[in-house]
Amino acid sequence: MIEAIPLQVEPSAITDAVNQTWILTVSFLIFFMHAGFAMLEAGQVRAKNVANQLTKNLLTWSVGVTVFFFIGVGISGLVGGDPFTESLPYLADDPSGYIGWLYGAVFAMTAATIVSGAVAGRARLRAYVTYTFLLAAIIYPVVTGITWAGAYIQVGDAVFHDFAGGMIVHGMGGIAGLTAAWILGPRMDRYNADGSANVIPGHSLTFAVLGTLMLAFGWYGFNVGTAAAMYETEAGLMAFNGAVLGRVAMGTTIAMAAGAMGAGLVAWLRTGKVDTLYVANGLLAGLVGITAIPDTTHYLGALLIGGIAGAQLPIVFSFVEKRMKIDDVCAVFPVHGSAGIIGTLAFPFVHYDLGVPLAEAALTQLLGVVVIAAWTVGATAVVWYALKAAGQARVTPEHERDGLDISEHGVDTYPEFGDEEGVVADGGRVRTDGGVRCTTRGDSE
C-alpha cells in the first residue's frame, strides 16, 4: 500500500496563482469592452461609415496595444520614477510580468478607443491611427505616470484618488475626444448657415443599445476586477478584502442604474420624451461617474453620483452641440469626460470614512483633474493641429459625402440594400449622405 504524503504548499504560492489568474480573467473581460465600443459607435454613425468605425476600433487595439508594449509602459514607469528599460516587460527576466502589462494595456486601449467616437464620419484613418500611436506611446502613459505609477499629485496628507480610471482613463479619453472633434470641425450638414444644429441620427439604435450592455458587462472587470485580490496574512492564512469587493460591486451596479434613470428623466423633462439613446449613454455615464471612487463610496453616494452623471449628459451634450458648436458624434465628452470629472471631484464628499481633511482631499482631486485635463488638451491639440496643417486630418468633402466605407476601405457595409440612388430600407428610399429622404408615397423631407 502506498502511503499518502501530505502536499506542502506555501500560502503565498496559492495567493499568487489565484491573483494572477484573476488579473488575466479581468483583463479578458475588459478587452471584451472593445466589442461593446464597436457596436455602440457603429450604431451611432451613418450606414455609409460603419466599416470605417469598425476598422478604427480594430486598429485601436492592434496598433495601440503593440505600441504600449514596446514604448508606453516604459514611458509610464519613467515618469513614475523608474528607469525606462526596467519598466519594459520584454526586458524582464520573469515572463510573469506580461500579466501586469496586459492588465495595464486593456485600460490604456479603453482610453484610446473613446476618441474614435468623437471624430467619426470625417477623420482620416491614417490620422486616427497616428493619434492612437502617440496616445498609447506618450499621452496616456504620462497620465498614469503622474498618478498610479508616481502618485505625484498630493496636497497635505491627501493623495489623488482614482480607483479604476474614472479620470485617468475615461475623463482623459473624453477630453481628448472633445479636443480632436473641435479641431477637426463638424461633419458636413451638421450645422446650418445660421448656426443651428441638424440632428444626424445613427443608423442602428439596436447596435447602440447592444454595445451599451456589452460595455456595462465588461465594466465589472474594470471596477470589481480591480478590487478583488487575495493576500496572505501575517498568520500565513489566505484572505481578501470582502468589504471593499462588496462595496465596489454594489456601487458599480447602483450608479449604473441611477445614470440611466437620471438621463432618461432629464430628457423627459426637457422634451416630453424618454430618449432611448440618452438612457443608454446615461447608463454608461453613471458607470464612468463611479469608476474613480467605488471602493470608498457609501451606497447613497453611489446613487447620487450615478444619478448626477446621467442627468448631466443631455445638458452637457446640448451645450457642446449648440453653444460650443463641436460635433461630438457619440457624445464621448458627456459620457466619459464630464461624468469622469464629476465622479473624481465627488470623492471626498461621498467617502464613507475619509481620514484626511476634507479641504485637502477636495483640492487634491481638483488639482488632479486640472493637470490631467491640461496635459490631455495640450498634447491632443498639438497632434491634431499638426495633422491638420499637413492636410492629413480630414477626408475630402467628396469622400465624406460618399462615405468613408467606400473612400477609405472600398467596401459597402450593407451591399444588399444599395442601389444607385441610395439605400432602400423600410419600404422607402433613404439617401446616406444626409440629404433629402423620399418615401414611397412621394413625400419628401
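FYI, side chains are in, hydrogens and waters are out, and symmetry mates aren't considered; it's all heavy atoms of this structure. Quantities reported herein were computed from a predicted structural model and do not represent experimental measurements.
- Looking at Lys56, its side chain never comes within 3.5 Å of a backbone N or O of Tyr128 through a donor-acceptor pair.
- In this structure, Tyr152 contributes its side chain and Gly80 its backbone to a donor-acceptor pair below 3.5 Å.
- Using bins of under 30°, 30° to 60° and over 60° for the plane-to-plane angle, the ring pair His34/Phe31 lands in the tilted bin.
- Here the options are Ile200, Val329, Val199, the test is side chain to side chain contact (heavy atoms under 4.5 Å, CB included), and the partner is Arg190; only Ile200 passes.
- In this structure, Arg270 forms no cation-pi arrangement with Tyr278, as its terminal cationic atom is not both closer than 6.0 Å to the ring centre and no more than 45° off the ring axis.
- Remark: the backbone N or O of Val335 is not paired with any side-chain donor or acceptor of Asn281 at under 3.5 angstrom.
- In the displayed structure, Phe133 atom CZ is contacted under 6.0 Å by at most 12 heavy atoms of other residues, nucleotides or ligands.
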Steps toward side chain to side chain contact (heavy atoms under 4.5 Å, CB included) verdict (Thr132, Leu135): CA-CA 5 Å; Thr132 297; Leu135 183 143; 5.7 Å; no
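- Judged purely by atom type and a 3.5 angstrom limit, Asn223 has no side-chain atom pairing as donor or acceptor with the backbone of Val248.
- A side-chain N or O of Ser116 and one of Glu41 form a donor-acceptor pair less than 3.5 Å apart.
- In this structure, Phe347 and His161 have parallel ring planes: the angle between them is below the 30° cut-off, well short of the 60° mark.
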Phe349/Leu304 under side chain to side chain contact (heavy atoms under 4.5 Å, CB included): CA gap, chis, key distance, verdict: CA-CA 11 Å; Phe349 303 102; Leu304 176 65; over 6 Å; no
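- Not one N or O on the side chain of Arg122 forms a donor-acceptor pair closer than 3.5 Å with the backbone of Arg394.
- In terms of modelled atom types and a separation under 3.5 Å, the side chain of Thr380 and the main chain of Thr376 share a donor-acceptor contact.
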Arg124/Glu408 under salt bridge (Lys or Arg N to Asp or Glu O under 4.0 Å): CA gap, chis, key distance, verdict: CA-CA 8 Å; Arg124 283 181 182 265; Glu408 295 260 274; 5.1 Å; no
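- Nearest heavy atoms, Gly72 versus Pro141: O-CB, 3.3 Å.
- The closest side-chain heavy-atom distance from Met172 to Ile139 is below 4.5 Å.
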Chi angles and distances behind the side chain to side chain contact (heavy atoms under 4.5 Å, CB included) call for Met33, Val106: CA-CA 9 Å; Met33 292 175 71; Val106 292; over 6 Å; no
Evaluation steps, side chain to side chain donor-acceptor pair (under 3.5 Å), between Thr179 and Tyr385: CA-CA 10 Å; Thr179 305; Tyr385 269 127; over 6 Å; no
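- A donor-acceptor pair under 3.5 Å links the side-chain atoms of Gln312 to the main chain of Pro334, judged by distance alone.
- Atom CH2 of Trp101 sits in a crowded spot, with more than 12 heavy atoms from other residues, nucleotides or ligands closer than 6.0 Å.
- Partner Trp219 forms a side chain to side chain donor-acceptor pair (under 3.5 Å) with one of Thr110, Thr291, Thr253 and no other, that one being Thr291.
- Using modelled atom types, one side-chain atom of Trp148 and one backbone atom of Asp162 make a donor-acceptor pair closer than 3.5 Å.
- Panel note: side chain Tyr140, backbone Ile168; no donor-acceptor pair is recorded below 3.5 Å.
- The environment of Tyr352 atom OH is dense: over 12 non-hydrogen atoms of other residues, nucleotides or ligands sit within 6.0 angstrom.
- Open room surrounds NZ on Lys322; 12 or fewer heavy atoms of other groups in view lie less than 6.0 Å from it.
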